[in-house]
Amino acid sequence: MPREIAKSYSHQDVEGPWYARWEEAAHFAPAGSGEPPFSMVIPPPNVTGSLHMGHALNNTLQDVLCRFRRMDGHDVLWVPGTDHAGIATQNVVERQLAAEGLDRADLGRQAFIEKVWSWREETGGTILRQLRALGVSCDWSRERFTMDEGLSRAVREAFVRLWEEGLLYRAERLINWCPRCKTALADIEVVHEEVDGHLWHVRYPLVEGGELVVATTRPETMLGDTGVAVHPDDRRHAGSIGRRARLPIAGREIPVLGDAFVDPEFGTGAVKITPGHDFNDFEIGLRNGLEVINILDDDAAVRAEAFAAADGKVPAWAGRYRGQDRLAARERVVEELTEGGLLAEVQPYRHAVGKCYRCQTVIEPYLTPQWFVKVQPLADPAMEAVRDGRTRIIPETWKNSYFAWMENIKDWCVSRQIWWGHQIPAWYCAGCNESLDPDGGRVASGCVPVVGRTAPERCETCGGRRFVQDPDVLDTWFSSALWPFSTLGWPDKTADLDTFYPTSALVTGFDILFFWVARMMMMGLRFMDRVPFRDVYIHALVRDQEGQKMSKSKGNVIDPLIMVNRYGADPFRFTLVAMTAMGRDVKLAEDRIAGYQHFVNKLWNAARFVLMNLDDEVLRERRRPGEEPAGEDPDLADRWILSRLKATIERAREAIAAYRFNDFAHHLYQFTWHEFCDWYIEMSKLRLNGGAGSRAAQRTLHTVLRNILLLLHPLMPFVTEELWGAVTARDAASPRRDDIMVQHYPASDDFPADRDAEEKVEFLSGIIRAVRNLRTEMNVPPSRKVRVVLFDTEERLSLVRAYEGLVCALARTEPLEYLSGGGRPQKVATAIVDTTEVYVPLDGAVDLEEESGRLHRALDKLETEMGRVRKKLANENFTAKARPEVVEREREKAQEMEEKIDALNRSLERIRELQAQ
RNA sequence: GGUCGCAUAGCUCAGUCGGCUAGAGCGCUUGCCUCACAUGCAAGAGGCCGCAGGUUCGAGUCCUGCUGCGACCACCA
């Protein structure tokens, strides 16, 4: 009995219910089947985040891998979760407070943290809910958060072990300070940007007469100058070294010294040295024993007290700057210098400044005590693991960046002066450290920390029992670095760790290769002794169609949720995957998604066609792959499509195994639309409706459709599941075992290769195409059948004869007429397929001139090519050196062309004869 | 400043070990409401493979230089 499904697919009605059903059936959780494991951890999005294109691409690719592996018999675990995103989250909640006219100090640390937690309870899960709309098959029962109890324990454990192993230290160093976030940042969290600024040339008078002119981009820092440096070999300044200069405005005397760091070619060859506010100057200061003056406070406002003399008195000039922001101070300094005639020159100057990656505020080098991880001992094994292939980076080109970064790595500043995060598990004894602020203010550099998994009870030195915990929290990326094993239960020895570590693959964007991937490598190797993942697949950025980064300010953002809503998750996913070529950015335009929605429609209608023509018994048959079609006279079309199916499975599997996502999508698209729909379905129509071989056709339609659904499922989970339901007779006892997402992925061994059928269909379709082509050229209305005469040897023609019905139907012709041997038709051969001449005799006269011209052009083209191939084959170098299959191919080609040329010549001869008449 | 990519049809891109007549999708032109689908069917037009050299029997593919674009890294005041 024929059945109907809706005329078109409506994703709105289907996606939600299927997702709920999968979750309810626990399809997302590993089955514990003992099959080989396949595991991934999600790159945890920030709790503050909402789904953007980058997440959509990232998670779609992961889901494709997971669904494929799950169907291919692996025990799949995909761990989801979110990152507490220290600074970002704190910013969000602080903005909320600001709207109420409060800041975090008003609440105090404890209350503020509670506020963040409750914020997270309310809105923090948004992004994970949004991810579900994509159809991702994470195991939600294992959802983790970098601040949850287990992961926090892992963080403390890791911190303590690093400390015990001497890989962690606390020291006062110049660090990158963000005056807006009021915290230290790691080097990698500073983004350098070119800005237009000025180069101010300032006169520093020498005490014994003369002057040195120094160039600077940040004149306000001169208040903290404690020296001037020139290159020791610079003859212009040779006499200055060892003398003293008088610092303008401050009036302080500072030494002039020689240091090889100074580039004599740049500026005036003299550099002001501000060890408190410049990384290079800090080093020079260390080498030369210069004093370090910190002229700024946490807000980067001038701290007049920094200039206090020994008696505590602050000079009058310092008062003029007190509390001024560094930029205001800069203007003031320039003003005073100008007034004093001390500004020799001002040049416009374009240079790079460091900015906070979170808030874009210009970074200030700042001297504070911080915690650092010694990275070199961690980086070496991390490089080795990639070098020897324990971890593969795909595409390989990223390996270079990875090594370059690892080789130049500096110690990692892991402490942050914010409140939201893992508070550092270090305590200071109030008895031993007198300067300690019991309210948890900043801890002076001299204080001695006690590091431990829990708060110490009694001081081993003084026996005191009062401790203050270090107020700093850890860099967010510290906990992220542990993610692949902390989410599996570390530091406990868990079954999950045993089974699923190392994870199989990591899919991520290149933007966090250093932030995250590199650090996971270091920590994974350190604590687990094994790499955290076998493969790292690095995908590109999603850009708009002009190749611009998507950003709110540019207004070119495409919202994934709107796309899912408008077109459905399936076309959206398919688009992303189809556009993910190795090492290329994804340029996305909405009409792409609309285009692939057509593909979903096509698939839907193909299924509709199959169902309309399927007998109940056929639908209910539980055929095993390879058993079909059942014995009865296997039809050429059936043999052909099954052979093509086999080839498609092979190619698709190769593509996905190599992370060639675009190839994967395209092979399946091509097969579904252009082989199955365009050709097989059309061919099948002859036999359906009770025709001979109807059953076999039905079985093949059913089989191929089901396999197409299986093949496409990782890409388009919803529509395939919906259709699978329609073409599958479910086992009433356990219907969920029949869901497509837990079926076996097609294997190419399930289907026979049939070279013979492929060649024949290729030939027949060539003839059909030729006739169609001629019809169009001669303006034959589609409704009208044409006469077709074929001329070739009897042997070749018999092939067409056997499948005449097919040709007649698909090319809309009268019964074919065959000619071989002597009796050539009195008409012009207008097309040649292989060696077969195809004639379409028409009532109206054929324009012989035009035909002759057409054939001559075809002949020219062929002969040129023929000449090329002949030359090639005559070339001993070629026949000797080229691979045998290449040579063989050329030989076959030559022969085919020769026959074709013969046929063309015969046609031209015929034209000449006709013209002569 | 250093490093790495990219340049192929109007647009977005494939092109695997150097060897089929350089492909696809979208767009475009023409004709069709053919009983799964007009979200469709059929046919077609459209290419100095960035430029200049080199290697090779043979180069879109490998090498060198140039031009243009992009990304990453970087403490030159």
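We name chains A, B, ... by the order of the sequence lines, and we start the count at 1 in each one.
A:S401 comes within contact range of no nucleotide atom at all, as no heavy-atom separation falls under 4.0 Å. A:H674 comes within contact range of the sugar-phosphate backbone alone, with a heavy-atom separation under 4.0 Å but no base atom that close. Among the heavy atoms of the strands lying under 4.0 Å from A:K881 is at least one base atom, whether or not backbone atoms are also near. Contact annotation for A:F403: no contact, since no heavy-atom pair falls under 4.0 Å across all strands. Using a 4.0 Å heavy-atom distance criterion, A:D281 is classed as making no nucleic acid contact.
B:G68 and B:A42 have their C1' atoms separated by 42 Å, given to the nearest Å. Between B:U64 and B:U55, the two C1' atoms lie 11 Å apart (nearest whole Å). Comparing the P positions of B:G58 and B:G19 gives a spacing of 15 Å, expressed to the nearest Å. If you take atom C1' in B:A71 and the same atom in B:G10, they sit 27 Å apart, rounded to whole Å. When the C1' atom is compared between B:C63 and B:G46, the two are found 33 Å apart, to the nearest whole Å. Taking atom C1' on both nucleotides, B:C32 is separated from B:G25 by 23 Å, rounded to a whole Å. Here, B:C57 and B:A52 have their P atoms 23 Å apart, quoted to the whole Å. Spacing of C1' atoms, B:C51 relative to B:G60, comes out at 15 Å, to the nearest Å.
A salt bridge between A:K881 and A:E876 is absent, with no side-chain N of the basic residue lying under 4.0 Å from a carboxylate O of the acidic one. With respect to A:E890 and A:K893, a salt bridge is recorded, a charged nitrogen being found less than 4.0 Å from a carboxylate O. Note on A:R653 versus A:E650: no salt bridge recorded, every NZ/NE/NH1/NH2 to OD/OE distance being 4.0 Å or above.
In summary, the aromatic rings of A:W673 and A:Y669 are positioned with their centroids under 6.0 Å apart. Between A:F574 and A:Y596, the distance from one ring center to the other falls under 6.0 angstrom.
Between B:C73, B:A77, B:G5, one nucleotide has an atom nearer to the side chain of A:T217 than all others, and that is B:A77. If you check B:C4, B:U16, B:A77 against the side chain of A:R660, the one that comes closest is B:U16. Distance from the side chain of A:F510 is smallest for B:A71 among the nucleotides B:G19, B:A71, B:C57. Relative to the side chain of A:N877, the nucleotides B:C57, B:U12, B:A77 differ in distance, and B:C57 lies closest. Relative to the side chain of A:H192, the nucleotides B:C20, B:U12, B:A74 differ in distance, and B:A74 lies closest. The A:N662 side chain lies nearest to B:A14 when the options are B:A14, B:G25, B:G19.
Each of A:G269 and A:W405 was matched to the nucleotide of RNA chain B holding its nearest heavy atom; the match closer to the 5' end belongs to A:W405. Between A:V869 and A:I188, the residue anchored closer to the 5' end of RNA chain B is A:V869, taking for each the nucleotide with the nearest heavy atom.
The nearest whole Å value for the distance from the CZ atom in A:R883 to the P atom in B:C20 is 10 Å. Rounding to whole angstrom units, CD1 of residue A:I558 and P of B:U12 are separated by 15 Å. Atom pair A:E876:CD and B:U56:C1' shows a separation of 17 Å (rounding to whole Å applied). Look at CZ on A:R350: it is 17 Å from C1' on B:C76, rounded to the nearest Å. Remark: P of B:U56 and NZ of A:K872 are 18 Å apart, rounded to the nearest angstrom.
Residue A:F664 holds its CZ atom at 5.0 Å from CG of A:L668, rounded to the nearest 0.5 Å.
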side-chain contact (heavy atoms from CB on, under 4.5 Å) for A:I273 and A:V228? Distances and angles first, verdict last. CA-CA 5 Å; A:I273 305 298; A:V228 176; 5.7 Å; no

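In B:C17 the O4'-C1'-N dihedral to the base is within 90° of 0, which defines a syn nucleotide.
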Walk along nucleotides 31-44 of chain B from 5' to 3' and tag each nucleotide B, S or - by protein heavy-atom contact under 4.0 Å, base first, then sugar-phosphate. -S---BB-BSSSSS

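The closest donor-acceptor contact from the side chain of A:R891 to the backbone of A:L873 lies at 3.5 Å or more, if one exists at all.
Look at A:Y402 and you won't find any side-chain N or O under 4.0 angstrom from OP1 or OP2 of B:C72.
A 3.5 Å limit on both hydrogen-bonding distances identifies B:G19 as the Watson-Crick or G-U partner of B:C57.
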